[in-house]
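I have placed the structure first, in the form of structure tokens, so that the comments after it can refer back to it.
Numbers restart at 1 for each chain; the letters A, B, ... are given by sequence-line order, proteins then strands.
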Number of protein chains: 2
Amino acid sequence: MSANSRLTIAAHALAWIGLYQRQGHEVATSEQIATSANTNPVVIRRLLGELRRAGLVESRRGVGAGWSLARELESMTLFDVYEAVEPGPLFAMHRTTPDQGCVVGHGIQPAMQNIYEGIEETVRHELARVTLAHVLRDVLATPR
Amino acid sequence: MSANSRLTIAAHALAWIGLYQRQGHEVATSEQIATSANTNPVVIRRLLGELRRAGLVESRRGVGAGWSLARELESMTLFDVYEAVEPGPLFAMHRTTPDQGCVVGHGIQPAMQNIYEGIEETVRHELARVTLAHVLRDVLATPR
DNA sequence: GACGGTCGCAACGTTAATTGTTACGACAGC
DNA sequence: GCTGTCGTAACAATTAACGTTGCGACCGTC
């Protein structure tokens with residue numbers, strides 16, 4: 001099991017902000033989102049900070065501070081979010097360099113790298129097909 | 001970064017055994033493979049044990065013990081290996097349950113689950129297109 | 001111009017998963 | 001029996017992600 005809930009939490013935060021704004025509010029605070037996601041506000045701020053660097057959200061400071069969307073949910077895809085918050089590849093290489101004196105040890109990493117890159121490319125394409133508006137629609141369509 | 005080198009190491013081991021057998025040897029020991037992969041023999045035995053449960057390799061005990069392929073490399077795909085050694089999903093949900101009283105907290109997991117399942121299915125298809133014979137060929141084609 | 005609420009960020013503690021290591025019994029051929 | 005290797009359990013080490021605390025920066029309001 002890998003363990004990256006970063007994409008999940010980021011999508012959660014964006015959907016939350018999007019819904020909150022549709023209800024007429026200007027900005028959402030990290031604490032509100034943290035309560036919904038059942039985690040710590042700092043975790044949310046860290047993630048949203050990466051999304052801001054990617055141009056997906058904006059933040060205001062001072063009184064009445066908080067977060068708002070920088071673009072419509074319709075124009076944001078899970079691919080955008082993935083690129084913003086996922087630091088590394090889906091599949092990892094050996095954690096120590098294999099024996100370069102062995103034919104297999106020498107050639108295995110380039111070989112697997114090639115294969116993995118193709119797969120990641122496919123995953124990115126799949127993620128790009130899903131907008132955050134789709135996500136929010138599915139969220140709201142979930143029966144109680 | 002996730003961190004699962006399990007698929008990589010398992011492919012390494014299978015390619016190594018396959019090449020070794022093509023050179024006329026009967027069985028490969030976990031220590032030989034561990035040397036090539038620069039890790040501990042027990043790690044290799046654990047992984048190969050899972051591959052044996054999946055019917056990809058066989059092991060012999062006693063003197064002259066070791067591992068051999070149960071099928072041709074041509075009939076083994078990375079999908080078979082993936083199923084055998086990867087315990088969990090590619091993308092994880094929240095580690096704590098989100099607030100079920102919130103609309104987003106309630107609906108986010110089913111929504112993301114759906115999306116993730118589709119993507120994993122695609123990944124499995126991609127993995128199924130690559131045989132271990134392909135991997136070994138690419139390994140041997142790597143320039144020194 | 002002080003106040004209060006929220007972000008920004010750094011530092012550190014906590015947790016969970018994987019990997020590495022050691023140990024020892026089981027097995028099978030010599 | 002002796003030897004070499006697997007099978008497996010137990011535990012240590014490592015790593016990455018996550019959680020927490022603290023405090024300064026910012027800014028509308030009073």
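For the contact set between residues 23-39 of chain B and DNA chain D, defined by any heavy atom under 4.0 Å, the members are B:Thr29, B:Ser30.
The nucleotide whose nearest atom lies closest to any side-chain atom of B:Arg95 is, among C:dC7, D:dG19, D:dC6, D:dG19. Comparing C:dC9, C:dT21, C:dT18 by their nearest atom to the side chain of B:Val43 picks out C:dT21.
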Could you list the donor-acceptor pairs under 3.5 angstrom formed between side-chain atoms of residues 15-25 of chain B and any protein atom two or more places apart in sequence or on another chain?
unit_1	atom_1	unit_2	atom_2	d
B:Tyr20	OH	B:Gln32	NE2	3.1
B:Gln21	NE2	B:Glu26	O	3.1
B:His25	ND1	B:Tyr20	O	3.3

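The residue among A:Val63 and B:Val42 whose nearest nucleotide of DNA chain C is located toward the 5' end is A:Val63. Between A:Gly49 and B:Gly62, the residue anchored nearer the 5' end of DNA chain C, judged by the nucleotide with its closest heavy atom, is A:Gly49. Between A:Gly64 and A:Arg45, the one whose closest nucleotide on DNA chain D sits nearer the 5' end is A:Arg45.
Residue B:Arg52 has a polar side-chain atom (N or O) positioned under 4.0 Å from OP1 or OP2 of D:dG7. Regarding contacts with the backbone of C:dT19, a side-chain N or O of B:Ser5 is found under 4.0 angstrom from either OP1 or OP2.
Here the P atom of nucleotide C:dG8 and the CD atom of A:Glu50 are 13 Å apart, to the nearest Å. Taking atom CZ on A:Arg6 and atom P on D:dC18, their separation rounds to 6 Å, with Å as the unit. Rounding to whole angstrom units, CG of residue A:Leu47 and C1' of C:dG8 are separated by 15 Å. B:Ile9 places its CD1 atom 7 Å from the P atom of C:dG20, with the value rounded to the nearest Å. The distance between atom CD1 of A:Ile44 and atom P of D:dG19, rounded to the nearest whole Å, is 9 Å. The CG-P distance, from A:Asn40 to D:dA17, rounds to 18 Å in whole Å. For B:Met93 and D:dA17, the CE to P distance is 18 Å, given to the nearest whole Å. The nearest whole Å value for the distance from the CG atom in A:Asn4 to the P atom in D:dT15 is 18 Å.
No side-chain N or O of A:His125 forms a donor-acceptor pair with one of A:Thr122 less than 3.5 Å apart. Inspection of the B:Arg129 and B:Thr77 side chains reveals no N or O donor paired with an N or O acceptor under 3.5 Å. Donor-acceptor pairing under 3.5 Å is recorded for the side chains of B:Ser36 and B:His12. With 3.5 Å as the limit, one finds a donor-acceptor pair spanning the side chains of A:Ser30 and A:Arg45.
Residue contacts for B:Gly66: at a heavy-atom cut-off of 4.0 Å it reaches the sugar-phosphate backbone alone, with no base atom in range.
Ring planes of B:Tyr116 and B:Phe91: parallel class, angle under 30° (limits at 30 and 60°).
Looking at residues two or more places apart in sequence or on another chain, you find a salt bridge (charged side-chain N to carboxylate O under 4.0 Å, His left out) between B:Asp80 and B:Arg71.
Residue B:Arg61 places no side-chain atom within donor-acceptor reach of the base of C:dA28, judged by atom type and a 3.5 Å distance cut-off alone. Scanning atom types as modelled, one donor and one acceptor separated by under 3.5 angstrom connect the side chain of A:Arg46 and the base of D:dG19.
Checked for salt-bridge contact, A:Arg53 and A:Glu50 miss the test: no charged N lies under 4.0 Å from a carboxylate O.
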